[in-house]
S.K.: 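Please see the structure below; I have some questions.
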Amino acid sequence: MPNSRANFLIKETKFNRYISHDIRGYEKYLKNGGAGIYSKNEIENLVKAGVSDRLPPRATKHYMELACSSDAITNLIKARPEETADLSGERDPSNQLKYSPVSGLLHKYELILLYVVRTCSSWCRYCYRSDFLTNKTEKDIANVDEVAAYIRAHNAKVEKGEAKFPIKEALLSGGDPMVLSNNNLFDYLHGLAEAGLKTIRIGTKELAFYPFRFDDNFFAMIDLFHAMHPSVNLAFMVHFTHPDEILLKDVKTRQYIKDENGNYKRIPVTENAICNLKSRPYITMENQTPIIDSVNDAADALRLLQIELKRLGINNHYYFQCREIEGHKAFAVPVEKAWEIHKDSQKGLSGIEKSRFVMSTEAGKLEVVSVIDKPDFANLGLNIPAELQKIIDAIIGEGLIIMKSHRTPYLDMQGDLIIARRNPDALWITGYEDRIIYDARKGGGNQYQPLAMLLQALFTDNSGNSQLAKAIENSDLLNAAA
């Protein structure tokens with residue numbers, strides 16, 4: 001690579017994270033005095049269920065110690081036998097390989113995503129990259145030189161009018177880029193900056209899992225990068241899931257500790273790492289996390305998390321629906337319940353503290369805008385004819401869920417809607433596919449096709465004759481309207 005780190009001295013720190021890589025590794029960790037979160041019986045059940053074949057349990061010493069006073073943190077990393085009871089779901093969530101023109105790279109939106117490492121210092125049990133971490137799909141590590149060549153080639157097409165929008169941003173992902181060495185991380189940052197990118201995102205949960213990683217050697221490396229590329233911004237897309245990952249707790253009472261001014265105290269090493277990042281004007285921080293069963297599926301916890309993050313200078317970005325990964329039913333909260341939790345968490349927040357609730361689907365990020373109940377005409381003092389009520393019920397059902405296309409690879413879909421009849425058991429958009437009445441994904445003026453087909457089925461008999469006029473006549477709609 002031209003102008004590589006060879007001309008600079010980038011120092012490394014040897015970290016001793018005490019990672020428990022699997023069940024047997026955890027048992028060894030316990031023998032050495034580690035914090036326990038499994039009983040002997042639970043360990044035996046996990047081995048019988050073959051949980052490590054799906055995703056081996058893994059956690060740092062720091063995070064295991066936090067788990068001792070937090071059920072939420074425990075449930076985030078603690079493997080469950082039911083994970084393997086139902087492995088239905090997508091092997092390649094949201095069909096990501098469809099958007100991979102170069103190995104290790106996704107080009108779905110106006111930015112690109114790079115897989116840069118196949119591990120994290122701890123593994124969330126709900127991880128939607130589990131297929132990549134365990135090498136179950138064709139996804140591979142990105143080569144920065146190949147990626148840089150792709151960026152230049154694509155942006156050259158934009159200059160010629162052969163492509164619409166240039167690539168200006170990249171997201172380093174994996175795995176967690178912050179488990180890379182400083183030298184390897186510098187290589188990715190430098191190579192992307194040399195290719196002309198203006199913003200580089202780093203997706204990481206290391207501030208929660210192992211904040212010690214953000215040490216003097218790391219900051220010296222990114223300060224060097226900034227000195228070489230002063231016009232490039234770094235955006236840390238952090239992953240805090242629960243206030244227990246930030247706030248200091250009394251180990252005995254499990255209550256948050258307040259200072260003399262009534263503010264919650266923070267975990268010192270975590271606060272120090274965040275403040276060091278925030279002190280650099282070329283760095284921004286955005287938080288995003290899914291809503292997960294028995295972890296953060298409580299409005300009060302999410303509200304507190306959003307308040308405390310903003311106080312620390314971290315913007316609240318997305319709250320995600322748990323993806324339809326293999327084994328997702330052990331972790332997922334139904335979409336409509338998750339939306340309700342998120343909606344309630346927004347109460348009492350200022351405009352700059354708020355966030356969005358989205359599903360990251362094959363067609364892009366769908367913001368769940370609203371969930372509404374079916375109309376209660378009797379409450380409005382209206383007497384709706386039975387025939388008309390049947391039509392309304394067929395179209396609206398028990399109510400509607402409205403999703404807005406917030407980010408999408410399909411330009412004509414931007415800002416458009418998907419409207420479907422409610423399904424309180426749906427865990428993903430697949431649970432609404434047979435209930436959609438307006439579908440932005442159809443495009444080309446065909447968004448109303450699902451509704452048209454439903455109406456055709458309602459008003460056409462087996463001979464293909466229209467029953468609409470007869471239905472109107474029988475229901476006395478004209479008089480009702482009057």
Side-chain angles (χ1 to χ4, degrees), residues 12-26 28-29 34 37 46 50-64 66-67 73 76-79 83 91-93 96-97 100 103-106 113-144 147 170-189 201-215 217-218 221 236-241 245 273 288-290 323 325-327 331:
E12 302 287 0
T13 304
K14 185 177 180 180
F15 294 104
N16 192 8
R17 290 180 171 90
Y18 293 99
I19 298 175
S20 302
H21 286 271
D22 52 30
I23 295 298
R24 299 309 174 196
Y26 167 76
K28 181 178 179 181
Y29 165 75
I37 62 173
L46 290 176
V51 166
S52 288
D53 294 334
R54 191 191 79 81
L55 184 67
R58 176 176 298 187
T60 62
K61 179 177 182 290
H62 170 77
Y63 209 70
M64 292 283 280
L66 293 183
I73 288 178
L76 189 148
I77 55 170
K78 186 174 181 178
E83 292 176 23
R91 180 172 287 263
D92 176 23
Q96 292 179 320
L97 285 170
S100 182
S103 181
L105 174 138
L106 300 182
L113 179 148
L114 284 69
Y115 297 114
V116 300
V117 64
R118 207 183 286 274
T119 191
C120 302
S121 61
S122 301
W123 282 358
C124 308
R125 301 311 302 167
Y126 55 80
C127 180
Y128 78 93
R129 294 275 169 77
S130 57
D131 66 301
F132 176 67
L133 298 180
T134 54
N135 202 22
K136 293 177 181 175
T137 53
E138 296 78 19
K139 298 169 187 173
D140 206 349
I141 302 294
N143 179 291
V144 70
V147 171
L171 168 63
L172 300 184
S173 188
D176 193 324
M178 288 303 299
V179 305
L180 290 172
S181 67
N182 290 333
N183 282 279
N184 286 343
L185 187 55
F186 178 87
D187 277 352
Y188 278 108
L189 297 174
R201 305 185 190 189
I202 299 175
T204 181
K205 194 170 172 62
E206 199 73 341
L207 282 170
F209 283 154
Y210 196 73
F212 305 96
R213 172 66 180 89
F214 297 82
D215 66 348
N217 286 339
F218 167 73
M221 181 274 289
F236 280 77
M237 312 304 292
V238 301
H239 182 176
F240 286 107
T241 309
E245 296 173 323
Q288 50 191 31
T289 186
R323 290 210 195 185
I325 61 169
E326 293 180 335
F331 319 106

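All residue numbers refer to positions in the sequence shown, counting from 1. Only heavy atoms go into these numbers, but all of them, side chains included; no hydrogens, no water, no symmetry mates.
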S.K.: So, applying side chain to side chain contact (heavy atoms under 4.5 Å, CB included) with Val117, which one of Val179, Leu185, Leu172 is it?
M.R.: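 It is Val179, the one option of Val179, Leu185, Leu172 that forms the side chain to side chain contact (heavy atoms under 4.5 Å, CB included) with Val117.
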S.K.: Of the non-hydrogen atoms in Phe209 and Ser122, which two are nearest, and what is the gap between them?
M.R.: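 Here Phe209 and Ser122 meet closest at CE1-O, 3.3 Å.
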S.K.: Any non-hydrogen side-chain atom of Lys61 less than 4.5 Å from a side-chain atom of Asn16?
M.R.: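 The answer is no, as the side chains (C-beta and beyond) never meet within the 4.5 Å cut-off.
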S.K.: To the nearest 0.5 angstrom, please state how far the CE atom of Met178 sits from the CZ atom of Phe214.
M.R.: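 That separation rounds to 4.0 Å.
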S.K.: Looking at side-chain heavy atoms only, is the closest gap between His239 and Pro290 below 4.5 Å?
M.R.: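 The answer is yes, as the side chains (C-beta and beyond) meet within the 4.5 Å cut-off.
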S.K.: As an exercise, state the distance from CD of Glu83 to CG of Asp53, rounded to the nearest 0.5 Å.
M.R.: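 Between Glu83 CD and Asp53 CG, I get 11.5 Å after rounding to 0.5 Å.
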S.K.: Short question: side chain of Arg201, backbone of Ser173 - any donor-acceptor pair under 3.5 Å?
M.R.: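 Looks like no, no N/O pair under 3.5 Å.
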S.K.: Can you confirm whether Arg58 sits close enough to Ser121 that some side-chain heavy atom of one is under 4.5 Å from a side-chain heavy atom of the other?
M.R.: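 Side chain of Arg58 against side chain of Ser121, heavy atoms only: no contact under 4.5 Å found.
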S.K.: Can you tell me if Lys205 and Thr289 form a side-chain donor-acceptor pair at under 3.5 Å?
M.R.: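 Distance-only check fails for Lys205 and Thr289.
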S.K.: Give the ring-plane orientation class for Phe212 versus His62, where under 30° counts as parallel, over 60° as perpendicular and anything between as tilted.
M.R.: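 Answer is perpendicular, since the angle exceeds 60°.
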S.K.: Nearest 0.5 Å, please: how far is CD in Glu245 from CZ in Phe240?
M.R.: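 Phe240 CZ to Glu245 CD: 6.5 Å, rounded to 0.5 Å.
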S.K.: Should Ile202 and Leu189 count as side-chain neighbours, where that means a heavy-atom distance under 4.5 Å?
M.R.: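 Sidechains of Leu189 and Ile202: in contact.
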S.K.: With Arg213 as reference, evaluate Leu207, Thr60, Asn182, Asp176 under the side chain to side chain contact (heavy atoms under 4.5 Å, CB included) test and give the passing residue.
M.R.: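 Output: one option passes, namely Asn182.
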S.K.: If you define the side chain from C-beta out and look only at heavy atoms, does anything of Ile73 sit under 4.5 Å from Lys78?
M.R.: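 They are not in contact (no side-chain heavy atoms under 4.5 Å apart), so the answer is no.
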S.K.: Report the distance from atom SG of Cys127 to atom CG of Leu76, rounding to the nearest 0.5 Å.
M.R.: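 Cys127 SG to Leu76 CG: 10.5 Å, rounded to 0.5 Å.
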S.K.: Using ring-ring contact (aromatic ring centres under 6.0 Å, His included) as the criterion, point out the one residue from Tyr63, Phe15, Phe218 that pairs with Tyr210.
M.R.: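 That would be Phe15; it is the only one of Tyr63, Phe15, Phe218 passing the ring-ring contact (aromatic ring centres under 6.0 Å, His included) with Tyr210.
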S.K.: Can you name the nearest heavy-atom pair linking Gly104 to Ser100, along with the distance?
M.R.: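 The pair with the smallest heavy-atom distance is N-OG, 4.4 Å.
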S.K.: How far apart are the closest heavy atoms of Ile325 and Tyr126, and which atoms are they?
M.R.: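 That closest heavy-atom pairing would be CD1-O, 3.5 Å.
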S.K.: Can you see which heavy atom on Pro57 is nearest to which on Ser52, and at what distance?
M.R.: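 That would be CD-OG, 3.6 Å.
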S.K.: Hey, could you give me the CG/CG distance between Leu171 and Leu106, rounded to the nearest 0.5 Å?
M.R.: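 Answer rounded to 0.5 Å: 9.5 Å.
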S.K.: Nearest heavy-atom pair of Ser181 and Glu12: which atoms, and what distance?
M.R.: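 Scanning both residues, the minimum pair turns out to be CB-OE2, 3.3 Å.
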S.K.: For residues Gln96 and Arg129, determine if any side-chain heavy atom of one lies less than 4.5 Å from a side-chain heavy atom of the other.
M.R.: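 The answer is yes, as the side chains (C-beta and beyond) meet within the 4.5 Å cut-off.
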S.K.: Taking the side chain from Asp92 and the backbone from Leu97, do they hold a donor-acceptor pair closer than 3.5 Å?
M.R.: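 Flag set: sc Asp92 to bb Leu97 pair under 3.5 Å.
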S.K.: Below 4.5 Å, heavy atoms only, C-beta onward: do Met237 and Gln288 meet side chain to side chain?
M.R.: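 Sidechains of Gln288 and Met237: in contact.
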S.K.: Roughly how far, to the nearest 0.5 Å, is CG of Asn183 from OH of Tyr188?
M.R.: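 If we round to the nearest 0.5 Å, Tyr188:OH and Asn183:CG are 13.5 Å apart.
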S.K.: Of all the heavy-atom pairs spanning Phe132 and Arg118, show the shortest one and how long it is.
M.R.: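 The answer is O-NH1, 2.8 Å.
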